[in-house]
Amino acid sequence: MRVLSGIQPSGALHIGNYFGALRQYLDLQHEHDCYYFIANYHALTSVHEAKELRQRTLEVAATFLALGLDPQVATIFLQSDLPEVTELTWLLSTVTPMGLLERCHAYKDKLAQGLPAEHGLFAYPVLMAADILIVQGNLVPVGQDQKQHVEVTRDIALRFNNRYGEVFTLPEPLILKELAVIPGLDGRKMSKSYGNTIELLDDPQVLRKKIMSMKTDSTPVEEPKDPEKDNLYALFRLFAPEAELKEMRRLYLEGGAAYGAVKRRTVELMVERFAEPRERARELLAHPQQLREILAAGAERARAVARPTLARAREACGLL
Ligand code: ADP
Ligand code: TRP
């Protein structure tokens, strides 16, 4: 099975990215032929400072590696090191109905957040389709918000295949129900654009401050609380060992759960979980040249797969 996924370097990676996507990347890398990339072409639709984009890109690369993505096992690369993808984007554009893109909610959401209505933002799903189709990906691990884009990719691939013959494999999204939408500090979906994130590499003090200042209701300790409706519990459950989670659930349901204690324990568990990657990422970032070399080697491997796909697509549609 070929797996492909990407993350934009539009901000520091957060625990929504981790549970929604990155953890699946890690789990899949030893079982499948995996391609993971940093979507810096995509990020141009929202990051407009060159210096910031460069820095963010290196940070995402360092975070990937620090979490345990292994460049000897998975192919890890930078989208802009694979220029074939932009050529394929054009070919796919010519089979993409406007209506398909007009229906995409991510575009509308981004306009609502204040991003300029530019063509790149509108055509973003076509570039994403090219990312997936150029390696003939079967499986795309993502969070719920990207489901529609993978469906659009399937539509585009089908239309190309119908018009020119079977060239592209139709991909499937891989979305884990329990982890499809990780809530942020305010209970809405955790997202860079809502400013409600807990970043993977946050310093323990920052992390502590964020969690301790989360809003909770005024139900007294001894009264029962609905764990399904509590945002703090939703974060706690991501980190707690099974037995501890079971016990906490009981306390919520029967009474006895103190929000302050749950917060302190959540901080502890989070700090513990990411202490090592945080350190490793820092070390990796101190050697940006090495990161570039790892990404360049990954790009060579990705291009070896991308070139023949692009050649087939060009041939199929009659480009001499
Ligand atoms: P953001 O919404 O913060 O800009 P991205 O769009 O860069 O995040 O997301 C990168 C990956 O992480 C995608 O696969 C996306 O579906 C996943 N993801 C992002 N936020 C969440 C979340 N809160 N819950 C689950 N998955 C998420
Ligand atoms: N659009 C994705 C996001 O914002 C990032 C992305 C770009 C991607 N190309 C992709 C994800 C291909 C999966 C497959 O999160």
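Given the structure is predicted, the values throughout are model-derived calculations rather than measurements. Order of appearance sets the numbers: ligands from 1, and atoms from 1 within every ligand.
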field: Closest protein heavy atom to atom 9 (N) of ligand 2, given as residue, atom name and distance to 0.1 Å
entry: D131 OD2, 2.7 Å

query: Counting heavy atoms only, which of L176, D145, T197 is nearest atom 6 (O) of ligand 1?
result: D145

task: Give the atoms of ligand 1, by number and element, whose distance to some non-hydrogen atom of A21 is under 4.0 Å.
output: 12 (O), 14 (O)

statement: for atom 8 (C) of ligand 2, nearest protein heavy atom and its distance come out as G6 O, 3.6 Å

message: Closer than 4.0 Å to some heavy atom of M190 - which atoms of ligand 1 meet that?
response: 20 (N), 21 (C), 22 (C), 23 (N)

query: Among M128, H149, K110, whose heavy atom sits nearest atom 10 (C) of ligand 2?
result: M128

message: Yes or no: does L179 have any heavy atom under 4.0 Å from an atom of ligand 1?
response: yes

task: Could you list the atoms of ligand 2 found under 4.0 angstrom from a heavy atom of L4?
output: 12 (C), 14 (C)

message: Residue-level breakdown please: for Q79 versus ligand 2, do any non-hydrogen atoms fall below 4.0 Å on the side chain, on the backbone, on both, or on neither?
response: neither

query: Is NZ or CZ of K225 both nearer than 6.0 Å to the six-membered ring centre of Y259 and within 45° of the ring axis?
result: yes

query: How far is atom 3 (C) of ligand 2 from its nearest protein heavy atom, and which residue and atom name does that atom have?
result: Q146 NE2, 3.2 Å

message: If the threshold is 4.0 Å, N to carboxylate O, is there a salt bridge linking R237 and E178?
response: yes

field: Option set Q113, K189, H14, criterion heavy-atom distance to atom 3 (O) of ligand 1, minimum
entry: H14

message: If we set the cut-off at 4.0 Å for heavy atoms, which region of V140 has an atom near ligand 2: side chain, backbone, both, or neither?
response: side chain

task: Using a 4.0 Å heavy-atom threshold (strictly under), name the region of S191 that reaches ligand 1: side chain, backbone, both or neither.
output: both

field: Enumerated ligand 2 atoms positioned under 4.0 Å from heavy atoms of H42
entry: 7 (C), 9 (N)

Those atoms of ligand 1 less than 4.0 Å from some heavy atom in A180: 24 (N), 25 (C), 26 (N)

message: Check contact between A39 and ligand 1, using heavy atoms of the residue and a distance below 4.0 angstrom.
response: no

- request: Measure from the side-chain N and O atoms of Q136 to the backbone N and O of T169, and report whether any donor-acceptor pair falls under 3.5 Å.
  value: yes

- request: For Q148 and H105, indicate whether the former's side chain and the latter's backbone hold a donor-acceptor pair under 3.5 Å.
  value: yes

statement: Output for pair (K210 NZ, L235 CG), nearest 0.5 Å, gives 11.5 Å

message: Tell me the protein heavy atom at minimum distance from atom 24 (N) of ligand 1, and give that distance in Å.
response: I182 N, 2.7 Å

message: Checking a contact table here: which protein heavy atom is nearest atom 9 (O) of ligand 1, and how many Å away?
response: N17 ND2, 3.2 Å

field: Member of Y25, Y35, Y36 meeting the side-chain contact (heavy atoms from CB on, under 4.5 Å) criterion with V3
entry: Y36

task: State whether a side-chain donor-acceptor pair under 3.5 Å links Y194 with D186.
output: no

For atom 7 (O) of ligand 1, the protein heavy atom that lies nearest, with its residue and separation: K192 NZ, 2.8 Å

message: Main chain of L67, side chain of R280: is a donor-acceptor contact present, judged purely on distance under 3.5 Å?
response: no

- prompt: So, S46 versus K110: side-chain donor-acceptor pair below 3.5 Å or not?
  reply: no

query: Going by the atom numbers of ligand 1, which of them fall below 4.0 Å from some non-hydrogen atom of G20?
result: 25 (C), 26 (N)

Contacting atoms of ligand 1, where contact means under 4.0 angstrom from a heavy atom of V181: 24 (N), 25 (C)

- prompt: Should the heavy atoms of other residues, nucleotides or ligands under 6.0 Å from CD of E268 be counted, would the total exceed 12?
  reply: yes

- prompt: How far is atom 13 (C) of ligand 1 from its nearest protein heavy atom, and which residue and atom is that?
  reply: Q146 CG, 3.9 Å

message: Considering non-hydrogen atoms of the protein only, which is the closest contact for atom 1 (N) of ligand 2, and what is the distance?
response: Y124 OH, 2.7 Å

statement: Filtering S193, G16, A106 for the heavy atom nearest atom 27 (C) of ligand 1 leaves G16

field: N231 (side chain) donor-acceptor with L185 (main chain) under 3.5 angstrom
entry: yes

- prompt: Under 4.0 Å from ligand 2, counting heavy atoms only, is it the side chain of I132, its backbone, both or neither?
  reply: side chain

message: Under a 3.5 Å distance rule, please check whether Q79 uses its side chain to pair with a backbone N or O of A43 as donor and acceptor.
response: no

Over 12 foreign heavy atoms within 6.0 Å of CD, Q205: yes

- prompt: Where the side chain of S5 meets the backbone of P141, is there a donor-acceptor pair that is under 3.5 Å apart?
  reply: yes

